[in-house]
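For reference, the structure discussed in these notes is given below.
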2 protein chains.
Amino acid sequence: MKNAIPLHVELIDALIPIVFGTTAALNKIGAENDLSLTQLRVMGILRDRQPRMAELADYLGLKKSTMSGLIDRAEKKGLLARTPSLEDSRAIEVFLTQEGQALVERLHLQLQESLAPMTSRLNPSEQRQLRDLLDRMHGHD
Amino acid sequence: MKNAIPLHVELIDALIPIVFGTTAALNKIGAENDLSLTQLRVMGILRDRQPRMAELADYLGLKKSTMSGLIDRAEKKGLLARTPSLEDSRAIEVFLTQEGQALVERLHLQLQESLAPMTSRLNPSEQRQLRDLLDRMHGHD
DNA sequence: TATTGTTATACTCTATAACTATA
DNA sequence: TATAGTTATAGAGTATAACAATA
C-alpha cells in the first residue's frame with residue numbers, strides 16, 4: 001500500500017514544527033530583552049524605514065489602536081520615537097532612537113546564534129537549496 | 001566584489017517571512033473560529049493524545065497557571081474536557097470532545113487550503129526536496 | 001466626508017505568588 | 001518534601017467604538 005498522505009500535507013507537516021520552533025526562539029530573544037514578539041517585529045521593520053502608524057499597523061495586520069499601545073510602550077523605554085509627518089499633518093512617523101538602533105543590531109546577532117543549531121544541521125549546499133526553495137515558495141516574482 | 005552576506009544569514013532571511021506568513025495564516029484561521037494561536041496548538045496536540053495539564057504546559061513552554069486559563073476557556077466552549085488521571089490522583093488529563101474532534105479536522109483542512117497558494121508555487125519534486133530539507137533541519141535523528 | 005491617530009473599555013494571554021491536595 | 005493543579009493578581013496584546021484634528 002502506498003503512502004496515503006498527500007505531498008502538500010507532508011510539506012505542511014514538516015513546515016509547522018520549524019515555524020513554531022523559530023517562533024519560540026524569537027519569543028525567547030524577546031523575553032531576554034523585555035520585548036514581545038510583536039515589538040521585536042516592529043524593531044526589525046524600523047531598522048531601515050520610518051513608517052507612519054497606519055503603515056505599521058497594516059503591515060503587521062493590527063488595528064491602529066493596537067499600534068498606539070505598542071508604540072507607547074516602546075517609546076517609554078526609549079527605543080523609538082514619534083515625529084509628525086511633513087507631508088500630512090494628521091500622520092505620525094515612527095523611527096528608532098540610537099539606543100533602539102543599537103538594540104536591533106544585537107537582536108539580529110542573537111537570532112543568528114539562536115538558530116545556528118538548526119541551520120548548521122545543513123551543509124552549505126543544502127542551505128543554498130533551502131534558501132532558494134523558501135524564496136520561491138514566498139513568491140517574489 | 002563577492003556577496004558580503006553569510007549563507008546562514010541568507011537562509012534565516014528567507015525563513016523569517018515564511019514563519020510570519022504561516023503564523024498569520026494560523027492566526028486568521030484561529031480568529032475565524034474564535035480561537036487564539038495557542039488554543040489552535042492545543043487542539044492540534046489533543047488530536048491524537050490525552051496529556052496531563054503539566055505535559056501540555058511543558059510542551060508549549062507555558063506555566064501551569066496559564067494552561068488552567070486556556071483549558072478553562074476551551075472547556076467552556078465545549079471543545080475539550082478534563083478527567084482525573086487513574087494513575088495519579090493529583091493529575092488531570094485533557095481530551096477533545098466530539099465537537100472538538102470535528103472542529104480540529106475542519107481546522108486541518110482550512111490550514112491546507114490557506115497555505116495552498118504558498119505550497120503550490122513549488123512543483124512536486126521541489127515540494128519533496130523542501131520537505132526533506134525541513135525535516136533534516138528539524139533534526140529528528 | 002474620509003482618513004490619521006488616540007483614548008476608553010473589555011477580553012485573552014502570560015507570568016508570579018500563594019494555596020490545596022496528593023505522592 | 002516535592003509535584004499537580006487552581007486561584008488571585010497584574011501587565012501586555014488585541015479588537016471595537018467613540019472621538020478630535022486634518023485632508
Side-chain angles (χ1 to χ4, degrees), chain A residues 20 23-24 26-46 50-77 79-95, chain B residues 20 23-46 49-77 79-95:
Chain A
F20 286 141
T23 303
L26 286 165
N27 265 315
K28 185 160 177 290
I29 291 172
E32 287 165 2
N33 293 274
D34 264 299
L35 293 173
S36 71
L37 182 54
T38 306
Q39 281 178 317
L40 221 57
R41 292 188 70 185
V42 170
M43 299 294 289
I45 294 167
L46 296 185
Q50 180 165 325
R52 298 176 181 182
M53 295 292 291
E55 289 173 335
L56 267 178
D58 277 355
Y59 188 79
L60 294 169
L62 299 171
K63 298 299 167 189
K64 293 180 299 176
S65 55
T66 300
M67 279 316 309
S68 291
L70 286 164
I71 298 302
D72 280 350
R73 289 183 288 274
E75 192 173 26
K76 255 177 215 146
K77 292 184 193 168
L79 300 178
L80 49 79
R82 287 166 158 104
T83 187
S85 164
L86 299 177
E87 290 148 8
D88 186 335
S89 324
R90 297 171 303 178
I92 298 283
E93 293 176 359
V94 185
F95 62 97
Chain B
F20 286 142
T23 303
L26 286 165
N27 265 315
K28 186 159 176 290
I29 292 172
E32 287 167 1
N33 292 276
D34 264 300
L35 292 173
S36 70
L37 182 54
T38 306
Q39 280 177 319
L40 221 57
R41 292 188 70 184
V42 170
M43 298 295 289
I45 294 168
L46 296 184
R49 262 162 295 194
Q50 179 163 327
R52 299 178 181 180
M53 296 291 292
E55 288 172 335
L56 268 178
D58 277 355
Y59 187 78
L60 294 169
L62 300 172
K63 298 298 169 190
K64 293 181 300 176
S65 55
T66 301
M67 279 316 310
S68 291
L70 286 164
I71 298 302
D72 279 350
R73 290 184 288 275
E75 191 172 26
K76 256 175 214 146
K77 293 183 192 167
L79 299 177
L80 49 79
R82 288 165 157 102
T83 188
S85 164
L86 299 177
E87 290 148 6
D88 187 335
S89 325
R90 298 171 301 178
I92 299 282
E93 293 176 2
V94 185
F95 63 97

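All values reported here derive from a predicted model rather than from experimental measurement. Letters go in sequence order (proteins before strands), and every chain restarts at 1.
For the pairing with B/F95, the side chain to side chain contact (heavy atoms under 4.5 Å, CB included) check across B/R82, B/R49, B/Q50 returns one residue only, B/Q50.
Taking 4.5 Å as the limit, every side-chain heavy atom of B/V42 sits out of range of all side-chain heavy atoms of B/L79.
Going from atom CG of B/L62 over to atom C1' of C/dC13 covers 9 Å, rounded to whole Å. Whole-Å rounding puts the B/L56 CG to C/dT14 P distance at 13 Å. Between A/D58 atom CG and D/dA15 atom P there is a gap of 12 Å when expressed in whole angstrom units. Atom CG of A/L70 and atom C1' of C/dT6 are 14 Å apart (whole Å). A/L79 places its CG atom 13 Å from the P atom of D/dA12, with the value rounded to the nearest Å.
If you find the closest nucleotide of DNA chain D to A/K77 and to A/S89, the one lying nearer the 5' end belongs to A/K77.
Of the residues in residues 27-44 of chain B, those with a non-hydrogen atom less than 4.0 angstrom from any atom of DNA chain C are B/S36, B/T38, B/Q39.
Panel note: side chain A/E55, backbone A/R52; a donor-acceptor pair is recorded below 3.5 Å.
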Go through the steps for A/R73 and A/D34 under the test salt bridge (Lys or Arg N to Asp or Glu O under 4.0 Å), then give the verdict. CA-CA 11 Å; A/R73 289 183 288 274; A/D34 264 299; over 6 Å; no
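Here the CG atom belonging to B/N33 is positioned 9.0 Å from the CE atom belonging to B/M43, to the nearest 0.5 angstrom. If you take CG on A/N27 and CG on A/L37, they are separated by 5.0 Å, rounding to the nearest 0.5 Å.
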Each nucleotide of nucleotides 2-11 of chain D classed B (base within 4.0 Å of a protein heavy atom), S (only sugar-phosphate) or -, in 5' to 3' order, makes BBBBBBB---
Check residues 60-69 of chain A and write down every donor-acceptor pair under 3.5 Å in which the side-chain atom is one partner and the other belongs to a residue at least two apart or another chain.
residue	atom	partner	partner atom	Å
A/S68	OG	A/K64	O	3.4

